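To start, the structure itself, in C-alpha coordinates.
Remember, it's a predicted structure, so these values are computed and weren't measured experimentally. In the text below, chain A, chain B and the rest are named by the order of the sequence lines, each starting its count at 1.
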Protein chains: 2
Amino acid sequence: MRWDSLEQERCSVARTVAVIGDRWSLLILRDCFLRVRRFEEFQSRLGVTRHVLADRLKKLVRFGVLRRAPYQQNPTRYEYILTQKGLDLYPVVMAIVHWGDTHMVDERGRPLLHEHKSCGKMFDPVMVCSECGEPIVARQVHVHAGPGAAEGTAEEIAARAAASSSRTG
Amino acid sequence: MRWDSLEQERCSVARTVAVIGDRWSLLILRDCFLRVRRFEEFQSRLGVTRHVLADRLKKLVRFGVLRRAPYQQNPTRYEYILTQKGLDLYPVVMAIVHWGDTHMVDERGRPLLHEHKSCGKMFDPVMVCSECGEPIVARQVHVHAGPGAAEGTAEEIAARAAASSSRTG
DNA sequence: AGTTGACAGTTCTATTTTAGAACTATATTC
DNA sequence: GAATATAGTTCTAAAATAGAACTGTCAACT
(Lines give C-alpha, C1' and ligand atoms only; values in the text may rest on other atoms or scores of the structure.)
Protein backbone atom coordinates (compact mmCIF):
# COMPACT_ATOMS: atom_id res chain seq x y z
CA MET A 1 0.00 0.00 0.00
CA ARG A 2 1.38 3.34 -1.06
CA TRP A 3 0.55 6.51 0.79
CA ASP A 4 -0.74 8.14 -2.35
CA SER A 5 -3.33 5.41 -2.56
CA LEU A 6 -4.45 5.60 1.04
CA GLU A 7 -7.05 8.24 0.44
CA GLN A 8 -8.71 5.96 -2.08
CA GLU A 9 -8.98 3.06 0.33
CA ARG A 10 -12.41 1.79 1.14
CA CYS A 11 -12.04 2.63 4.80
CA SER A 12 -12.73 5.87 6.60
CA VAL A 13 -9.80 5.38 8.92
CA ALA A 14 -7.39 4.98 6.03
CA ARG A 15 -8.78 8.05 4.30
CA THR A 16 -8.58 10.15 7.42
CA VAL A 17 -5.11 8.88 8.15
CA ALA A 18 -4.10 10.04 4.68
CA VAL A 19 -4.89 13.58 5.85
CA ILE A 20 -3.88 13.72 9.50
CA GLY A 21 -2.10 10.44 10.12
CA ASP A 22 1.36 11.69 10.69
CA ARG A 23 3.02 13.08 13.68
CA TRP A 24 3.44 16.66 12.60
CA SER A 25 -0.03 17.08 11.13
CA LEU A 26 -1.59 16.14 14.44
CA LEU A 27 0.62 18.53 16.35
CA ILE A 28 -0.09 21.31 13.86
CA LEU A 29 -3.79 20.68 14.37
CA ARG A 30 -3.43 20.80 18.12
CA ASP A 31 -1.85 24.22 17.74
CA CYS A 32 -4.57 25.36 15.36
CA PHE A 33 -7.13 24.66 18.06
CA LEU A 34 -5.00 26.75 20.40
CA ARG A 35 -5.38 29.64 17.93
CA VAL A 36 -1.92 29.39 16.43
CA ARG A 37 -2.13 30.56 12.82
CA ARG A 38 1.21 31.61 11.41
CA PHE A 39 4.14 29.82 9.91
CA GLU A 40 6.72 31.25 12.27
CA GLU A 41 4.68 30.47 15.33
CA PHE A 42 4.01 26.90 14.31
CA GLN A 43 7.67 26.51 13.55
CA SER A 44 9.02 27.92 16.78
CA ARG A 45 6.45 26.14 18.94
CA LEU A 46 6.78 22.74 17.33
CA GLY A 47 10.44 22.71 16.42
CA VAL A 48 9.47 21.06 13.16
CA THR A 49 11.78 21.74 10.23
CA ARG A 50 10.58 24.53 7.98
CA HIS A 51 10.57 22.22 5.03
CA VAL A 52 8.21 19.73 6.64
CA LEU A 53 6.02 22.45 8.08
CA ALA A 54 5.54 24.03 4.65
CA ASP A 55 4.74 20.62 3.24
CA ARG A 56 2.18 19.75 5.91
CA LEU A 57 0.45 23.12 5.75
CA LYS A 58 0.13 22.69 1.99
CA LYS A 59 -1.34 19.25 2.47
CA LEU A 60 -3.84 20.41 5.07
CA VAL A 61 -4.89 23.25 2.77
CA ARG A 62 -5.17 20.89 -0.18
CA PHE A 63 -7.50 18.63 1.80
CA GLY A 64 -9.59 21.58 2.95
CA VAL A 65 -8.73 21.29 6.63
CA LEU A 66 -7.05 24.70 6.71
CA ARG A 67 -7.49 27.73 4.52
CA ARG A 68 -4.87 30.34 3.74
CA ALA A 69 -6.14 33.81 4.54
CA PRO A 70 -4.23 37.06 3.87
CA TYR A 71 -3.67 39.11 6.98
CA GLN A 72 -1.51 41.91 5.57
CA GLN A 73 -0.43 43.52 2.31
CA ASN A 74 3.09 44.59 1.22
CA PRO A 75 4.14 41.93 1.27
CA THR A 76 1.01 39.87 1.28
CA ARG A 77 1.22 37.33 4.05
CA TYR A 78 -1.13 34.55 4.89
CA GLU A 79 -2.21 32.77 7.99
CA TYR A 80 -3.67 29.32 8.30
CA ILE A 81 -7.18 29.02 9.65
CA LEU A 82 -9.31 25.99 10.35
CA THR A 83 -12.19 25.49 7.94
CA GLN A 84 -15.41 23.85 9.09
CA LYS A 85 -13.94 20.57 7.90
CA GLY A 86 -10.95 21.31 10.10
CA LEU A 87 -13.07 22.36 13.07
CA ASP A 88 -14.86 19.04 12.75
CA LEU A 89 -11.58 17.37 13.69
CA TYR A 90 -12.02 18.67 17.22
CA PRO A 91 -13.40 15.37 18.53
CA VAL A 92 -10.35 13.58 17.15
CA VAL A 93 -7.99 15.98 18.87
CA MET A 94 -10.00 15.94 22.10
CA ALA A 95 -10.11 12.15 22.12
CA ILE A 96 -6.35 12.10 21.72
CA VAL A 97 -5.89 14.67 24.49
CA HIS A 98 -8.15 12.75 26.82
CA TRP A 99 -6.38 9.46 26.24
CA GLY A 100 -3.06 11.18 26.89
CA ASP A 101 -4.48 12.76 30.04
CA THR A 102 -5.68 9.36 31.23
CA HIS A 103 -2.77 7.14 30.29
CA MET A 104 0.32 9.20 29.59
CA VAL A 105 0.57 11.85 32.30
CA ASP A 106 3.37 11.82 34.84
CA GLU A 107 3.12 12.52 38.56
CA ARG A 108 2.54 16.21 37.94
CA GLY A 109 -0.85 15.55 36.42
CA ARG A 110 -2.44 16.75 33.23
CA PRO A 111 -0.95 19.77 31.48
CA LEU A 112 -4.26 21.33 30.43
CA LEU A 113 -7.74 21.58 31.85
CA HIS A 114 -10.74 22.22 29.64
CA GLU A 115 -13.61 24.45 30.63
CA HIS A 116 -16.94 24.12 28.86
CA LYS A 117 -18.14 27.69 28.47
CA SER A 118 -21.76 26.58 28.08
CA CYS A 119 -21.93 25.06 31.54
CA GLY A 120 -18.93 26.72 33.14
CA LYS A 121 -17.38 23.50 34.41
CA MET A 122 -14.11 21.70 33.85
CA PHE A 123 -14.94 18.64 31.83
CA ASP A 124 -13.71 15.54 30.10
CA PRO A 125 -14.90 14.64 26.63
CA VAL A 126 -17.13 11.57 26.53
CA MET A 127 -18.11 9.75 23.37
CA VAL A 128 -21.75 8.74 23.34
CA CYS A 129 -24.23 7.09 21.00
CA SER A 130 -26.14 9.57 18.85
CA GLU A 131 -29.30 7.48 19.33
CA CYS A 132 -29.47 6.61 23.00
CA GLY A 133 -26.88 8.93 24.50
CA GLU A 134 -25.05 6.19 26.37
CA PRO A 135 -21.23 6.17 26.41
CA ILE A 136 -19.73 3.97 23.74
CA VAL A 137 -17.46 1.04 24.48
CA ALA A 138 -15.93 -1.17 21.81
CA ARG A 139 -17.67 -4.35 22.96
CA GLN A 140 -21.11 -2.81 22.55
CA VAL A 141 -20.56 -1.94 18.91
CA HIS A 142 -21.24 -4.22 15.99
CA VAL A 143 -20.11 -3.30 12.49
CA HIS A 144 -22.12 -3.80 9.32
CA ALA A 145 -21.16 -3.31 5.71
CA GLY A 146 -22.31 0.10 4.51
CA PRO A 147 -23.19 1.17 0.98
CA GLY A 148 -19.57 2.05 0.24
CA ALA A 149 -18.17 -1.24 1.48
CA ALA A 150 -15.58 -3.10 -0.56
CA GLU A 151 -15.47 -6.84 -0.96
CA GLY A 152 -13.60 -7.73 2.18
CA THR A 153 -15.84 -5.89 4.59
CA ALA A 154 -14.99 -5.45 8.22
CA GLU A 155 -17.90 -7.71 9.04
CA GLU A 156 -16.46 -10.54 7.01
CA ILE A 157 -13.03 -9.89 8.38
CA ALA A 158 -14.22 -10.03 11.97
CA ALA A 159 -16.07 -13.25 11.21
CA ARG A 160 -13.00 -14.76 9.60
CA ALA A 161 -10.76 -13.68 12.45
CA ALA A 162 -13.16 -15.15 14.99
CA ALA A 163 -13.30 -18.43 13.08
CA SER A 164 -9.54 -18.58 12.87
CA SER A 165 -9.22 -17.96 16.62
CA SER A 166 -11.64 -20.67 17.62
CA ARG A 167 -9.91 -23.05 15.24
CA THR A 168 -6.43 -22.64 16.64
CA GLY A 169 -6.77 -21.07 20.05
CA MET B 1 12.30 17.90 18.45
CA ARG B 2 13.29 14.28 18.22
CA TRP B 3 10.69 11.55 18.21
CA ASP B 4 12.31 9.89 21.19
CA SER B 5 11.65 13.02 23.20
CA LEU B 6 8.04 13.38 22.16
CA GLU B 7 6.68 11.21 24.90
CA GLN B 8 8.28 13.47 27.46
CA GLU B 9 6.64 16.59 26.09
CA ARG B 10 4.38 18.51 28.39
CA CYS B 11 1.38 17.98 26.18
CA SER B 12 -1.05 15.11 26.08
CA VAL B 13 -1.36 15.29 22.32
CA ALA B 14 2.38 14.99 21.84
CA ARG B 15 2.55 12.06 24.25
CA THR B 16 -0.29 10.26 22.58
CA VAL B 17 1.16 10.97 19.16
CA ALA B 18 4.37 9.33 20.32
CA VAL B 19 2.36 6.12 20.69
CA ILE B 20 -0.17 6.17 17.88
CA GLY B 21 0.83 9.13 15.75
CA ASP B 22 1.97 7.35 12.67
CA ARG B 23 0.08 5.95 9.78
CA TRP B 24 0.61 2.28 10.38
CA SER B 25 -0.08 2.34 14.10
CA LEU B 26 -3.50 3.85 13.50
CA LEU B 27 -4.34 1.29 10.83
CA ILE B 28 -3.11 -1.53 13.05
CA LEU B 29 -5.38 -0.23 15.80
CA ARG B 30 -8.33 -0.06 13.45
CA ASP B 31 -7.77 -3.73 12.66
CA CYS B 32 -7.42 -4.59 16.33
CA PHE B 33 -10.90 -3.21 16.93
CA LEU B 34 -12.08 -5.41 14.07
CA ARG B 35 -10.72 -8.43 16.01
CA VAL B 36 -7.60 -8.92 13.93
CA ARG B 37 -4.92 -10.35 16.19
CA ARG B 38 -2.16 -12.11 14.27
CA PHE B 39 0.96 -11.01 12.50
CA GLU B 40 0.11 -12.64 9.20
CA GLU B 41 -3.37 -11.24 9.14
CA PHE B 42 -2.26 -7.71 9.93
CA GLN B 43 0.36 -8.03 7.26
CA SER B 44 -1.86 -9.34 4.50
CA ARG B 45 -4.70 -6.95 5.27
CA LEU B 46 -2.61 -3.81 5.58
CA GLY B 47 0.08 -4.49 3.03
CA VAL B 48 2.59 -3.02 5.46
CA THR B 49 6.12 -4.36 5.22
CA ARG B 50 6.87 -7.08 7.71
CA HIS B 51 9.73 -5.08 9.11
CA VAL B 52 7.56 -2.10 9.95
CA LEU B 53 4.74 -4.25 11.25
CA ALA B 54 7.07 -6.04 13.66
CA ASP B 55 8.41 -2.68 14.78
CA ARG B 56 4.97 -1.16 15.37
CA LEU B 57 3.62 -4.18 17.21
CA LYS B 58 6.65 -4.04 19.49
CA LYS B 59 6.07 -0.38 20.12
CA LEU B 60 2.39 -0.84 20.90
CA VAL B 61 3.25 -3.66 23.31
CA ARG B 62 5.98 -1.57 24.91
CA PHE B 63 3.48 1.23 25.55
CA GLY B 64 0.92 -1.18 26.94
CA VAL B 65 -1.65 -0.70 24.19
CA LEU B 66 -1.41 -4.34 23.09
CA ARG B 67 -0.34 -7.45 24.91
CA ARG B 68 1.24 -10.52 23.43
CA ALA B 69 -0.70 -13.65 24.36
CA PRO B 70 0.29 -17.21 23.43
CA TYR B 71 -2.37 -19.03 21.46
CA GLN B 72 -0.56 -22.30 20.70
CA GLN B 73 2.44 -24.40 21.73
CA ASN B 74 4.97 -26.16 19.47
CA PRO B 75 6.00 -23.73 18.36
CA THR B 76 4.69 -21.15 20.76
CA ARG B 77 2.95 -18.44 18.81
CA TYR B 78 1.52 -15.21 20.06
CA GLU B 79 -1.32 -12.97 19.09
CA TYR B 80 -1.75 -9.31 19.83
CA ILE B 81 -4.68 -8.28 21.98
CA LEU B 82 -5.86 -4.87 23.07
CA THR B 83 -5.29 -4.10 26.75
CA GLN B 84 -7.65 -1.82 28.64
CA LYS B 85 -5.32 1.02 27.76
CA GLY B 86 -5.71 -0.01 24.14
CA LEU B 87 -9.48 -0.39 24.37
CA ASP B 88 -9.56 3.15 25.74
CA LEU B 89 -8.35 4.31 22.33
CA TYR B 90 -11.74 3.43 20.90
CA PRO B 91 -12.99 7.03 21.02
CA VAL B 92 -9.93 8.13 19.08
CA VAL B 93 -10.53 5.53 16.38
CA MET B 94 -14.27 6.23 16.29
CA ALA B 95 -13.69 9.97 16.03
CA ILE B 96 -11.37 9.32 13.09
CA VAL B 97 -13.87 6.99 11.45
CA HIS B 98 -16.67 9.48 11.89
CA TRP B 99 -14.68 12.34 10.40
CA GLY B 100 -13.80 10.15 7.45
CA ASP B 101 -17.44 9.14 7.07
CA THR B 102 -18.47 12.78 7.11
CA HIS B 103 -15.78 14.37 4.99
CA MET B 104 -13.93 11.76 2.97
CA VAL B 105 -16.51 9.36 1.56
CA ASP B 106 -17.16 9.14 -2.16
CA GLU B 107 -20.52 8.84 -3.90
CA ARG B 108 -20.96 5.28 -2.74
CA GLY B 109 -21.34 6.37 0.84
CA ARG B 110 -19.73 5.16 4.02
CA PRO B 111 -18.01 1.79 4.02
CA LEU B 112 -19.13 0.73 7.50
CA LEU B 113 -22.19 1.23 9.65
CA HIS B 114 -22.05 0.91 13.41
CA GLU B 115 -24.76 -0.68 15.48
CA HIS B 116 -24.98 0.05 19.18
CA LYS B 117 -25.90 -3.29 20.74
CA SER B 118 -27.27 -1.60 23.85
CA CYS B 119 -29.99 0.25 21.96
CA GLY B 120 -30.04 -1.75 18.75
CA LYS B 121 -29.71 1.26 16.46
CA MET B 122 -27.23 2.39 13.86
CA PHE B 123 -25.45 5.35 15.38
CA ASP B 124 -22.81 8.03 14.99
CA PRO B 125 -20.39 8.79 17.79
CA VAL B 126 -20.95 12.17 19.41
CA MET B 127 -18.53 13.83 21.77
CA VAL B 128 -20.23 15.45 24.73
CA CYS B 129 -19.30 17.27 27.91
CA SER B 130 -18.94 14.96 30.92
CA GLU B 131 -20.63 17.60 33.09
CA CYS B 132 -23.63 18.85 31.14
CA GLY B 133 -23.92 16.25 28.39
CA GLU B 134 -24.04 18.80 25.58
CA PRO B 135 -22.07 18.18 22.37
CA ILE B 136 -18.66 19.79 22.38
CA VAL B 137 -17.59 22.34 19.81
CA ALA B 138 -14.18 24.00 19.77
CA ARG B 139 -15.50 27.52 20.30
CA GLN B 140 -17.22 26.57 23.53
CA VAL B 141 -14.06 25.28 25.14
CA HIS B 142 -11.58 27.36 27.08
CA VAL B 143 -8.24 25.92 28.13
CA HIS B 144 -6.55 26.46 31.49
CA ALA B 145 -3.13 25.46 32.69
CA GLY B 146 -3.32 22.20 34.62
CA PRO B 147 -1.03 20.98 37.40
CA GLY B 148 1.33 19.41 34.86
CA ALA B 149 1.61 22.53 32.71
CA ALA B 150 5.00 23.68 31.45
CA GLU B 151 6.06 27.28 31.20
CA GLY B 152 4.59 28.12 27.86
CA THR B 153 1.07 26.96 28.61
CA ALA B 154 -1.59 26.72 25.98
CA GLU B 155 -3.41 29.50 27.75
CA GLU B 156 -0.47 31.85 27.39
CA ILE B 157 0.07 30.75 23.84
CA ALA B 158 -3.52 31.42 22.88
CA ALA B 159 -3.31 34.82 24.53
CA ARG B 160 -0.11 35.62 22.71
CA ALA B 161 -1.48 34.46 19.38
CA ALA B 162 -4.61 36.54 19.87
CA ALA B 163 -2.54 39.60 20.73
CA SER B 164 -0.36 39.11 17.69
CA SER B 165 -3.39 38.76 15.43
CA SER B 166 -5.08 41.91 16.64
CA ARG B 167 -1.79 43.76 16.29
CA THR B 168 -1.18 42.89 12.67
CA GLY B 169 -4.47 41.71 11.23
C1' DA C 1 13.14 -39.51 5.34
C1' DG C 2 12.17 -35.71 2.56
C1' DT C 3 9.32 -32.03 0.90
C1' DT C 4 5.88 -28.68 1.44
C1' DG C 5 3.42 -25.27 3.88
C1' DA C 6 2.05 -22.13 7.81
C1' DC C 7 3.57 -18.72 10.92
C1' DA C 8 6.28 -15.07 12.95
C1' DG C 9 9.51 -12.85 12.44
C1' DT C 10 14.79 -10.90 10.76
C1' DT C 11 18.01 -9.22 7.33
C1' DC C 12 19.32 -6.93 3.21
C1' DT C 13 19.56 -3.01 -0.37
C1' DA C 14 17.29 0.87 -2.72
C1' DT C 15 14.27 4.61 -2.25
C1' DT C 16 11.89 8.13 0.26
C1' DT C 17 11.38 11.14 4.08
C1' DT C 18 13.09 13.98 7.64
C1' DA C 19 16.51 16.79 10.29
C1' DG C 20 19.27 20.64 10.47
C1' DA C 21 21.18 24.40 8.58
C1' DA C 22 21.68 27.95 5.23
C1' DC C 23 19.71 30.77 1.82
C1' DT C 24 15.95 33.83 -0.81
C1' DA C 25 12.44 37.34 -1.27
C1' DT C 26 9.71 41.38 0.18
C1' DA C 27 9.06 45.23 2.89
C1' DT C 28 9.54 48.08 7.22
C1' DT C 29 12.24 50.25 10.84
C1' DC C 30 16.63 52.17 12.70
C1' DG D 1 22.06 51.17 3.85
C1' DA D 2 21.92 47.77 7.69
C1' DA D 3 19.10 45.14 10.59
C1' DT D 4 14.67 42.86 11.47
C1' DA D 5 10.36 40.26 10.50
C1' DT D 6 7.89 36.85 7.92
C1' DA D 7 7.27 32.96 4.95
C1' DG D 8 9.05 30.25 2.63
C1' DT D 9 12.92 27.21 -0.61
C1' DT D 10 17.20 24.70 -1.19
C1' DC D 11 20.91 21.84 0.22
C1' DT D 12 23.26 17.54 2.41
C1' DA D 13 23.36 13.95 5.90
C1' DA D 14 20.80 10.89 8.61
C1' DA D 15 16.82 8.08 9.47
C1' DA D 16 12.77 5.54 8.13
C1' DT D 17 10.31 2.78 4.81
C1' DA D 18 9.49 -0.33 0.78
C1' DG D 19 10.16 -4.56 -1.24
C1' DA D 20 12.12 -8.74 -1.41
C1' DA D 21 14.56 -12.60 0.32
C1' DC D 22 15.84 -15.31 4.14
C1' DT D 23 15.55 -17.95 9.00
C1' DG D 24 13.68 -21.10 12.35
C1' DT D 25 10.08 -24.05 14.26
C1' DC D 26 6.88 -27.41 13.79
C1' DA D 27 2.82 -30.14 11.42
C1' DA D 28 1.14 -32.58 7.58
C1' DC D 29 1.63 -35.01 3.49
C1' DT D 30 4.20 -38.45 0.19
For this session: Determine: side-chain N/O of B/K58 to OP1/OP2 of C/dA8, distance under 4.0 Å, yes or no.
Result: no
For this session: Take the protein atom CZ of B/R77 and the nucleotide atom P of D/dT25, then report the distance between them rounded to whole Å.
Result: 11 Å
For this session: Can you tell me the distance, in whole Å, between the CG atom of B/L66 and the P atom of C/dA8?
Result: 14 Å
For this session: Please determine if a side-chain N or O atom of B/R56 lies less than 4.0 Å away from the OP1 or OP2 oxygen of D/dT17.
Result: yes
Exercise. Distance check: side-chain N/O of A/K59 vs OP1/OP2 of C/dT17, anything under 4.0 Å?
Worked result: no
Exercise. Please give, in whole Å, the distance from C/dT17 P to A/H51 NE2?
Worked result: 10 Å
For this session: Could you state the atom-to-atom distance from CZ of B/R68 to P of C/dA8 in whole Å?
Result: 10 Å
Exercise. Between atom CD in B/E79 and atom C1' in C/dA8, what is the gap in whole Å?
Worked result: 13 Å
Seminar exercise, completed: In whole angstroms, the gap separating P of C/dT26 from CG of A/N74 amounts to 12 Å
Exercise. Mapping A/A54 and B/V52 to their closest nucleotides on DNA chain D, which lands nearer the 5' end?
Worked result: A/A54
Exercise. Are B/Y80 and C/dC7 close enough that a side-chain N or O sits under 4.0 Å from OP1 or OP2?
Worked result: no
Problem set entry | Below 4.0 Å: OP1/OP2 of C/dA8 and any side-chain N or O of B/Y71 | yes
Problem set entry | Pairwise 5' ranking along DNA chain C for A/P75 and B/T76, keeping only the more 5' one | B/T76
Exercise. Stepwise, does the side-chain contact (heavy atoms from CB on, under 4.5 Å) test hold for A/H114 with A/H98?
Worked result: CA-CA 10 Å; A/H114 297 267; A/H98 186 234; over 6 Å; no
Problem set entry | Distance test, side-chain N/O of A/R38 to OP1/OP2 of D/dA5, below 4.0 Å | no
Problem set entry | Under 3.5 Å donor-acceptor pair, A/R50 side-chain atoms to D/dA7 base atoms | yes
Exercise. What's the shortest heavy-atom distance between B/A145 and A/L113, and which atoms?
Worked result: O-CD1, 4.2 Å
For this session: For the residue pair B/E134 and A/S118, confirm or rule out a side-chain donor-acceptor distance under 3.5 Å.
Result: no
For this session: Measure from CD on A/E41 to P on D/dA5 and round the result to the nearest Å.
Result: 15 Å
Seminar exercise, completed: In whole angstroms, the gap separating P of D/dT6 from CD of A/E40 amounts to 6 Å
Exercise. Distance check: side-chain N/O of A/R23 vs OP1/OP2 of C/dA19, anything under 4.0 Å?
Worked result: no
For this session: Would you check if the side chain of A/T16 reaches a backbone N or O of B/G100 as a donor-acceptor pair within less than 3.5 Å?
Result: yes
Problem set entry | Residue whose closest nucleotide on DNA chain C lies nearer the 5' end, A/Q73 versus A/T49 | A/T49
For this session: Could you check A/V19 against B/W99 for side-chain contact (heavy atoms from CB on, under 4.5 Å), going step by step and ending with a plain yes or no?
Result: CA-CA 11 Å; A/V19 183; B/W99 189 85; 4.3 Å; yes
